[in-house]
Amino acid sequence: QVQLVESGGGLVQAGGSLRLSCAASGRTADISIMGWFRQAPGKGREFVARISRSGGSTYYADSVKGRFTISRDNAKNTMYLEMGSLQPEDTAVYFCVADPTRILTSQPSYWGQGTQVTVSS
């Protein structure tokens, strides 16, 4: 089994920045692709970004492209999401996800418990 624990969420003003972290433990050798999803109040879960096992390939949702940066440090079993130019519409619970395959579907095998990000206007 793999456990994922997010941290770094909080309250920030519009235009501000936050860095989320996701620490993996357990059978981390099973992890290939990792990513972030988010869920705003009253809405479904939304893909945010993904990163390949090596970190050499990344992909972003159009809504965050150019503002967010995903990265990972495999030596530390940790993934990051640098969020800049935050807007109120970025307010959501952010979930760290991971999967043993190289493809990130809408239902990855492993999920964190989520961390709240609130952006005030």
Side-chain angles (χ1 to χ4, degrees):
Q1 271 289 50
V2 171
Q3 293 79 43
L4 303 173
V5 179
E6 303 97 334
S7 61
L11 174 64
V12 63
Q13 288 188 331
S17 301
L18 278 177
R19 186 174 86 155
L20 304 183
S21 298
C22 171
S25 61
R27 296 177 60 90
T28 55
D30 289 349
I31 295 174
S32 179
I33 197 165
M34 298 187 76
W36 293 92
F37 281 72
R38 68 185 182 185
Q39 186 166 18
K43 296 188 177 180
R45 285 182 179 172
E46 172 191 25
F47 165 78
V48 176
R50 61 163 168 81
I51 186 167
S52 64
R53 186 186 190 109
S54 69
S57 175
T58 59
Y59 185 79
Y60 299 90
D62 287 343
S63 58
V64 307
K65 198 174 296 181
R67 300 188 298 121
F68 291 11
T69 302
I70 190 171
S71 62
R72 64 192 288 177
D73 184 339
N74 291 332
K76 295 181 178 179
N77 293 315
T78 302
M79 177 180 62
Y80 305 97
L81 186 67
E82 297 274 1
M83 305 185 295
S85 301
L86 284 163
Q87 299 302 315
E89 51 266 35
D90 294 315
T91 295
V93 177
Y94 284 71
F95 296 91
C96 166
V97 299
D99 199 88
T101 70
R102 289 181 290 178
I103 298 174
L104 193 66
T105 69
S106 61
Q107 296 185 355
S109 296
Y110 307 112
W111 290 78
Q113 82 287 351
T115 187
Q116 177 71 46
V117 172
T118 303
V119 185
S120 63
S121 58

Legend entry - Main-chain N/O of Cys96 paired with Glu6 side-chain donor or acceptor, under 3.5 Å: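 It does hold such a pair.
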Legend entry - Side-chain (Thr91) to main-chain (Val119) donor-acceptor, under 3.5 angstrom: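 Yes.
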Rounded to the nearest 0.5 Å, what's the gap from [atom1] on [X] to [atom2] on [Y]? Could you check?
X	Y	atom1	atom2	result
Met34	Leu81	CE	CG	11.5 Å
Gln3	Arg27	CD	CZ	11.0 Å
Thr105	Asp99	OG1	CG	6.0 Å

In terms of hydrophobic clusters joined by side-chain contacts under 4.5 Å, are [X] and [Y] together?
X	Y	result
Trp36	Ile51	yes
Val64	Met79	yes
Leu20	Val2	yes
Leu4	Leu104	no
Tyr80	Val48	no

[Y] side chain reached by [X] side chain, heavy atoms, under 4.5 Å:
X	Y	value
Val93	Phe37	no
Ile31	Arg53	no
Glu89	Ser63	no
Ser52	Arg72	no
Met83	Val12	no

Legend entry - Within 6.0 angstrom of Lys43 NZ, more than 12 heavy atoms from elsewhere: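 No, the 6.0 Å shell around NZ holds no more than 12 heavy atoms from other groups.
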Inset, instruction - Measure across Phe95 and Gly112 and return the closest heavy-atom pair with its distance rounded to 0.1 Å. - result: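 That closest heavy-atom pairing would be CD2-O, 3.6 Å.
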